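All of these numbers come straight from a predicted model, not from anything done at the bench.
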Amino acid sequence: MSKERARRRAEREAARERAALRNEERQARAARRRAVAARLTPRPVRFARQGGLRARRRRAQNAVVALAFALVQVMVWLVWASLAVSFGVLVLSLLLVPVVMTLAFDRRI
């Protein structure tokens, strides 16, 4: 009887060792796969807001131009009820914004 128990215990231990070995191999493969995936996927880029004087000035200028653009669009929409006039002023404004930015704020390339 004790020989049978010893044999069964040895079988259980051998099965446990095989299972542990398979588990280690599977974990090693998963770790290698994660390492390759980490090398291949791009890291997210953090955008830090610039805080210098020129950056603050540029943000303020952009805000002024955006506010003026919106104000012109609202005024045209209120004064003229025509959809064609509103669309024409929108297109003209979109074309003239870069010109105004260049002339008013000296933004030459």
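- Summarising the local packing, CZ of Arg54 is surrounded by 12 or fewer heavy atoms from other residues, nucleotides or ligands at distances under 6.0 Å.
- By the 6.0 Å contact criterion, CG on Leu71 is enclosed, its count of non-hydrogen atoms from other residues, nucleotides or ligands being greater than 12.
- Asn62 and Arg59 are not linked by any side-chain donor-acceptor pair at a separation below 3.5 angstrom, with hydrogens and angles left out of the test.
- Val97 and Val72 fall into different hydrophobic clusters, where Ile, Leu, Val, Met, Phe, Trp and Tyr side chains are chained together by heavy-atom contacts under 4.5 Å.
- Under the 4.5 Å side-chain heavy-atom criterion for grouping Ile, Leu, Val, Met, Phe, Trp and Tyr, Val79 is connected to Val76 within one hydrophobic cluster.
- Rounding to the nearest 0.5 Å places CD of Glu24 at 6.0 Å from CG of Leu21.
- For the pairing with Leu92, the side-chain contact (heavy atoms from CB on, under 4.5 Å) check across Leu96, Leu94, Val89 returns one residue only, Leu96.
- Using a cutoff of 4.0 Å between basic side-chain nitrogens and carboxylate oxygens, Glu11 and Arg8 are not scored as salt-bridged.
- To the nearest 0.5 Å, the span separating CZ on Arg58 from CE on Met101 amounts to 7.0 Å.
- Met75 is not listed as a side-chain neighbour of Leu78, based on a closest heavy-atom distance of 4.5 Å or more.
- Shortest non-hydrogen contact noted between Gln73 and Ser86 is OE1-O, 4.2 Å.
- Clustering ILVMFWY residues whenever any of their side-chain heavy atoms sit less than 4.5 angstrom apart, transitively, puts Leu103 in a cluster other than the one holding Val64.
- One finds the CZ atom of Arg7 at 10.5 Å from the CZ atom of Arg12 (value rounded to the nearest 0.5 Å).
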